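First up is the structure itself, then whatever we jot down about it.
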Amino acid sequence: MPSLIEFPEPQSDTPSPKSRAGLCLLTKRAEFIAASRAKKQGTKSMMVQGRPRQDDAPLRVGFTCSKKVGNAVARNRAKRRLREAARLILPEHGNIGWDYVLIGRNDHTAARDFEDLQRDLIYALRKLHSH
RNA sequence: ACAGAGGGCUGGAUGGCCGCGCACUGGGGGCUUGCCCCCCACGCGAGGAAAGUCCGGACUCCAUGAAGCAACGGUGCCGGGUAACGCCCGGGCAGGGCGACCUGACGGAGAGCGCCACAGAAAACAGACCGCCCAGAUCAGGCAGGCUUAGGCUGGUUUGAAACUGGGUAAGGGUGAAACGGUGGAGUAAGAGCCCACCGCGUCGCUGGCAACAGGGACGGCACGGCAAGCCCCACCGGGAGCAAUGCCAAAUAGGACCCCCGCGCGGGCAGGUCGGGCAACCGAUACCGCCGCUAGGUACGCUUCAACCAAGAGGGGUCGGGUUGGCAGCUAGAGGCGUCUGGUAACAGGCGUCGCAGAUGAAUGGUCAUCCAUCCCUUCGGGGAGGACAAGAUCCGGCUUAUAGGCCCUCUGUGCAA
RNA sequence: GCGGGUAUGGUGAAAUGGUAUCAUAAGAGCCUUCCAAGCUUAAGGCGCGGGUUCGAUUCCCGCUACCCGCU
C-alpha cells in the first residue's frame with residue numbers, strides 16, 4: 001500500500017534502505033561518484049574507496065567491476081569474492097557512518113588466496129581511517 | 001589394427017559448516033491486525049551455446065479498417081514440414097573424394113543497359129593484322145625455237161623471289177581468366193560443318209516422375225562467350241517501432257511562457273432593417289437579407305481511391321524553459337518438458353499418461369574443508385604438487401552463426417592381417 | 001537490454017572492380033651565419049577470416065575493435 005510506505009526524505013545523505021547479506025548497499029550512481037571523490041587506497045587484489053558521511057547511520061558498501069576485469073563470468077566471480085570478504089570483515093573493522101566502494105582488479109581479485117584478500121581489505125581500511 | 005566419414009549424448013561428482021535471491025507450503029513471534037513485518041524449516045535457483053543480435057514469430061504501442069500503384073528491402077532448383085522463416089527433411093542437378101560421404105545465393109545473359117584492365121590480329125552485329133593459296137605485273141636463272149657475222153635481239157615454257165596489285169580462305173598465329181563448337185576422316189589451289197561418324201549444342205514430340213529432372217527418338221547444321229554477391233527482368237514475401245515497448249500509482253515543478261493553424265461556416269467592418277436606452281450626436285443588442293476579408297481540415301504514411309469516425313475544444317502543432325530517474329503491473333503455463341503408442345522414408349503431426357521447471361533490477365550461485373574423476377609436472381615408484389573448455393539469465397519462443405578442454409555411445413568406409 | 005554506425009601511411013581525409021591519391025608529421029639532401037619558411041627526394045597503408053569474380057579497399061557472409069542513440 002503506497003499510503004503506508006514512508007518515502008525517504010530527498011536528501012542525498014540519507015542511506016538508501018536496500019540491504020543484502022547484512023550490509024546496507026549503495027544503489028545510486030551519485031553515491032558511487034561521491035565515494036570516488038573521497039579517499040582511496042589500492043592493494044594487490046582490490047581498490048577501496050571510503051567516505052565519511054557525518055551521520056550515525058550504518059555503514060554502506062558498494063561493489064564495482066569494470067569491463068577491464070573480463071567477461072561477465074569473471075566480473076560476477078570477482079564481485080562475489082569481494083562481497084564475501086566485506087561480509088566477514090566490515091562489521092568488525094568498518095566505521096559507522098562511512099560509505100565504502102570495493103573495486104575489482106584484473107586477474108588478482110579472482111585468483112588471490114581468500115585469506116590474503118581479507119588481509120588486503122583490513123589493511124586498506126586501516127589506512128583509510130588513519131588518514 | 002591403422003586411417004577416416006556421419007549422427008547423438010554429456011559439459012566434473014558427493015558430502016559437512018557459514019552465507020545469498022525468489023516463492024509463500026508449514027511453524028513461531030511482533031504490533032499500528034494488514035491477506036503487514038521479523039525469525040526458522042522445507043522447496044526452487046544459469047546455458048548448450050544463456051553469447052553475437054543475423055532471420056522468423058508471439059506480445060504492446062504508433063494508428064479503427066480495406067484495396068491498388070510506386071519506391072525500398074529481402075528471398076530464389078523441386079516437393080514437403082512449420083505459427084512463421086533466409087530454418088529443417090526428402091529428392092534433383094553440378095563439383096570434390098578410391099570410398100563412407102562432403103560442398104553449393106543452384107531462377108533469367110534468347111527484354112534491355114553496362115563492364116571485360118594489361119596482353120593480343122581480334123574481347124562480341126563480327127571483322128581480317130600476319131600467314132596460306134591463285135592470278136597479274138616486274139626482276140633473275142634454266143631449257144627449246146626463230147633472227148643474227150661472233151656479240152646480241154625476240155618471244156614460248158618452267159622455276160624462284162625481300163617488296164607490289166587484285167582475289168580466295170579462316171586450318172595455324174608468342175597472348176589472355178576467357179578466342180567464334182571438339183576429335184577423326186573425306187575434300188581442296190589453299191581451306192572451311194562445305195560434307196560424314198561420334199561427342200557437345202539447339203528445336204519439337206514420346207516415356208517415367210506431383211515436380212525439379214532423367215531416358216530415348218526425330219530434325220536442325222553451329223547459331224547462342226563471361227559477369228546478375230553490376231544495374232536490371234520474373235515470381236513470392238514485408239506498414240513502422242520495440243519490454244528502456246506499454247499501462248498505472250506516488251513525488252516534484254511554474255496545472256509555465258511565446259508563436260502558428262482550424263471546414264458545414266467563422267470573424268470583423270460598412271450601410272440598411274428591427275429592438276432597447278438617450279433631447280440629440282450616439283451607444284448597446286440582434287444576424288433574416290446585401291457587400292468585403294480569411295478558409296476547404298484531421299485520423300493517412302510517397303501517391304491515388306473508398307467506408308466509417310472526429311472536427312471552436314481541458315483543441316492541434318512548433319520553439320524555449322522547468323521537474324522526476326522512485327514503486328507496481330507487463331513477468332513467466334509455453335507453438336512447454338519427459339515417457340509411450342499411431343501415421344509418415346524423414347522433418348513432423350496426432351492420441352494417451354505424467355511433471356510443475358529462475359524471475360533478479362548497482363542485478364541472486366560465494367567462501368572454506370574432505371574424498372573421488374579427467375589432465376599436466378616432479379619422482380628415490382612409496383608418493384608429492386599444480387589444477388578444471390567456452391562461457392552466465394534480463395519479455396518469451398523457433399532457428400542460424402560464432403566460441404568450446406575433454407569424455408561416452410551408435411552406424412558406416414578404405415587398407416592390412418588372421419580364421 | 002534494444003537499435004544504429006565506422007574501420008585506408010604516425011595523424012586527418014579521398015576513391016566507378018584493374019597494386020591506392022592528397023594534406024600534414026617524421027627521415028635525408030639543398031638553401032641560410034643559425035632557425036623558420038621554401039625546394040628536391042626516398043620510405044611507410046586498405047581491421048581479421050572466408051566466398052563471388054580472371055582480378056576485391058570496393059560486392060556478399062562471419063568475426064574483432066571502437067563510437068552513437070533510447071529509460
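Each chain gets a letter, A, B and so on, in the order its sequence line appears, and its residues count up from 1. All values below come from the heavy atoms of this structure, side chains included, with hydrogens, waters and symmetry mates left out. What you are looking at is a predicted structure, and each value in this text was computed from that prediction instead of being measured.
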Practice item. Could you say whether A:Asp113 or A:Ala74 is positioned toward the 5' end of RNA chain B, judged by the nucleotide with the nearest heavy atom to each? Key: A:Asp113
Practice item. Please work out whether B:G191 sits syn or anti, treating a glycosidic angle within 90° of 0 as syn. Key: anti
Study note, to complete from the structure: Assert: residue with more 5' nearest nucleotide on RNA chain B, out of A:Leu88 and A:Gly62, is A:Gly62
**Study point:** Gap in Å between the two C1' atoms, one belonging to B:G366 and one to B:U246, rounded
**Key:** 38 Å
Practice item. Side chain of A:Arg81 only, please: which of B:G367, B:U365, B:A391 is the nearest? Key: B:G367
Study note, to complete from the structure: In whole angstroms, the gap separating C1' of B:G19 from CD of A:Gln118 amounts to 13 Å
Practice item. Using the C1' atom as the reference point in each nucleotide, state the distance between B:A51 and B:G176 in Å, no decimals. Key: 49 Å
Check your understanding: What interatomic distance, in whole Å, is found between C1' of B:C243 and the corresponding atom of C:C2?
Key -> 9 Å
Exercise for review: Give none if B:A314 has no partner; otherwise give the nucleotide forming a Watson-Crick or G-U wobble pair with it, both distances under 3.5 Å.
Suggested key: none
Review point. How far, in whole Å, is B:G367 from B:U395 if one measures between their P atoms?
Key: 28 Å
Practice item. Tell me whether B:G95 sits syn or anti, counting syn as a glycosidic angle within 90° of 0. Key: anti
Point to revise | Base orientation of B:A46, syn vs anti, 90° cut from 0 | key: syn
Revision key, fill the gap. Scanning all shown strands, the Watson-Crick or wobble mate of B:U340 with both distances under 3.5 Å is B:G351
Review point. OP1 or OP2 of B:C18 sitting under 4.0 Å from any side-chain N/O of A:Arg87?
Key: no
Review point. Any donor-acceptor pair under 3.5 Å linking the side chain of A:Ser45 with the backbone of A:Thr109?
Key: no
Check your understanding: What distance separates A:Tyr123 OH from A:Asp116 CG, expressed to the nearest 0.5 Å?
Key -> 14.0 Å
Practice item. Taking only Lys NZ, Arg NE, NH1 and NH2, and the carboxylate oxygens of Asp or Glu, determine whether A:Asp120 and A:Arg112 approach each other closer than 4.0 Å. Key: yes
Practice item. Using only side-chain N and O atoms of A:Arg77, determine if any of them is under 4.0 Å from OP1 or OP2 of B:U365. Key: no
Practice item. With C1' as the reference atom in both, quote the distance from B:C133 to B:C227 in angstrom, rounded to an integer. Key: 41 Å
Review point. Roughly how many Å is it from CG in A:Leu90 to P in B:G19, rounded to a whole number?
Key: 17 Å
Point to revise | For atom CZ of A:Phe114 and atom C1' of B:G19, their distance in whole Å | key: 10 Å
Exercise for review: Could you give the distance separating B:U82 and B:A347 at their P atoms, to the nearest angstrom?
Suggested key: 13 Å
Practice item. Have a look at A:Asn71 and say if it touches a base, only the backbone sugar-phosphate, or nothing, with a 4.0 Å heavy-atom cut-off. Key: sugar-phosphate
Practice item. State whether A:Arg81 and A:Glu84 are salt-bridged, where the test is any N-O pair (Lys NZ or Arg NE/NH1/NH2 against Asp/Glu carboxylate O) under 4.0 Å. Key: no
Check your understanding: If you measure from OH on A:Tyr100 to CD1 on A:Ile89, what distance do you get to the nearest 0.5 Å?
Key -> 12.5 Å
**Study point:** Atom NZ of A:Lys39: over 12 foreign heavy atoms under 6.0 Å
**Key:** yes
Revision key, fill the gap. Re B:U380: Watson-Crick or G-U wobble partner, both distances kept under 3.5 Å, found to be none
Check your understanding: To the nearest 0.5 Å, how far apart are CE in A:Met47 and CD in A:Gln41?
Key -> 8.5 Å
Exercise for review: Figure out the CG/C1' separation between A:Asn76 and B:G367, and round it to whole Å.
Suggested key: 16 Å
Check your understanding: Can you check whether A:Thr43's main-chain N or O pairs, donor with acceptor, with A:Arg105's side chain at less than 3.5 Å?
Key -> yes
Exercise for review: Measure from the side-chain N and O atoms of A:Asn76 to the backbone N and O of A:Lys79, and report whether any donor-acceptor pair falls under 3.5 Å.
Suggested key: no
Point to revise | Phosphate OP1/OP2 of B:G21: any A:Arg83 side-chain N/O under 4.0 Å | key: no
Check your understanding: Across all strands shown, which nucleotide pairs with B:C132 by Watson-Crick or G-U wobble geometry, both distances under 3.5 Å?
Key -> B:G168
Practice item. Classify the glycosidic conformation of B:G247 as syn or anti, calling it syn when the angle lies within 90° of 0. Key: anti
Check your understanding: B:G108 and B:C78: how far apart are their P atoms, nearest whole angstrom?
Key -> 11 Å
**Study point:** Verify same cluster id: A:Val73, A:Leu82 (apolar side-chain graph, 4.5 Å)
**Key:** no
Check your understanding: Base of C:U19 relative to its sugar, syn (within 90° of 0) or anti?
Key -> syn
Exercise for review: Could you let me know what B:G366 is paired to, Watson-Crick or G-U wobble, both distances under 3.5 Å, or none if it's on its own?
Suggested key: B:C18
Study note, to complete from the structure: The dot-bracket string of RNA chain C, counting Watson-Crick and G-U wobble pairs with both distances under 3.5 Å, using [ ] for crossing pairs and | for pairs to another strand, is (((((((..((((....[..))))..((((.......)))).....(((((..]....)))))))))))).
Exercise for review: To the nearest Å, give me how far apart CD1 (A:Ile89) and P (B:C18) are.
Suggested key: 19 Å
Point to revise | Nearest-angstrom distance from the residue atom CZ of A:Arg119 to C1' of B:G367 | key: 15 Å
Point to revise | Mate of B:C115 where both pairing distances stay under 3.5 Å, Watson-Crick or G-U | key: B:G226
Practice item. Would you mind reading off the distance between A:Arg80 atom CZ and B:G21 atom C1', rounded to a whole angstrom? Key: 12 Å
Exercise for review: Classify the side chain of A:Glu84 and the base of B:G367 as holding, or not holding, a donor-acceptor pair under 3.5 Å.
Suggested key: no
Practice item. Check the distance between B:G362's P and A:Ile103's CD1 and give it to me in whole angstrom. Key: 18 Å
Practice item. Could you measure between the two C1' atoms, the one in B:A405 and the one in B:C236, and give it in whole Å? Key: 47 Å
Point to revise | Nucleotide paired to B:G414 in any strand shown, Watson-Crick or G-U, under 3.5 Å | key: B:C2
Point to revise | For B:C309, the Watson-Crick or wobble partner whose two distances fall under 3.5 Å | key: B:G298
